[in-house]
Amino acid sequence: RKEVEQDPGPFNVPEGATVAFNCTYSNSASQSFFWYRQDCRKEPKLLMSVYSSGNEDGRFTAQLNRASQYISLLIRDSKLSDSATYLCVVKWVGGGADGLTFGKGTHLIIQP
Amino acid sequence: GAGVSQSPRYKVAKRGQDVALRCDPISGHVSLFWYQQALGQGPEFLTYFQNEAQLDKSGLPSDRFFAERPEGSVSTLKIQRTQQEDSAVYLCASSFPTGGTGNTIYFGEGSWLTVV
């Protein structure tokens, strides 16, 4: 069974702090990796893709470790507006549907 | 429209009732997906269309679930004889073009189904 595992949290973090969370995936043939953000009662939205060499977008840094089959997301200088659920998303080789497999999400709460 | 549009946004159905959920994808998007998201869970894949062809329906939980996209644009997800375990948000997403590893998919706001 193809699985994507995340710590559901919640992670309670003071504003301005750095927070990181990981996601593990079971299928070594996984092809593409993403972090999506989902606000309460809203739809998921793409936050960033995750590249093998690691990539950064402002305060957000994503890393991929193929050997250990995990991806990570690091948020620096966290803002109140970063409070959301962060979904780890994996696309499998031959994943037929062209669709994505989602983790259950990590709930992040930034506290003032 | 500018984004993926879903209707109804909220639906309360009595157990045993049939429901139909509509998705209007972004204009020109070839791929259309349906996901089911239960409370506290991540979205779970249901089915996938490429134009009007339903290429993958492996995620549909039972034969009570049926999806169609007859003209390759608007799609309808139908649930027959609804059960309480069907209560969830049903998310529609679309993308263009097909294939590839990095195509972004865009979600609608979802149809919130509660079966009582």
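Lettering follows sequence order; numbering is per chain, from 1.
- To the nearest 0.5 Å, the span separating CG on A:Leu46 from CZ on B:Phe107 amounts to 10.0 Å.
- Heavy atoms of other residues, nucleotides or ligands lying less than 6.0 angstrom from OH of A:Tyr25 number more than 12.
- More than 12 heavy atoms of other residues, nucleotides or ligands lie within 6.0 Å of CZ in B:Arg9, so this atom counts as buried by the packing criterion.
- Residue with the most contacts toward chain A among B:Ser58, B:Pro43, B:Gly42: B:Pro43 (heavy-atom pairs, distance under 4.5 Å).
- With a 4.5 Å cut-off on non-hydrogen atoms, A:Gln6 does not touch chain B at all.
- Residue A:Tyr51 places its OH atom among 12 or fewer non-hydrogen atoms of other residues, nucleotides or ligands, all under 6.0 Å distant.
- A distance of 8.0 Å separates CD of B:Glu44 from NZ of A:Lys104, quoted to the nearest 0.5 Å.
- Rounding to the nearest 0.5 Å places CG of B:Leu91 at 7.0 Å from CD of A:Gln38.
- Within a 6.0 Å radius of CG in A:Leu80, other residues, nucleotides and ligands contribute more than 12 heavy atoms.
- Open room surrounds CD on B:Glu71; 12 or fewer heavy atoms of other groups in view lie less than 6.0 Å from it.
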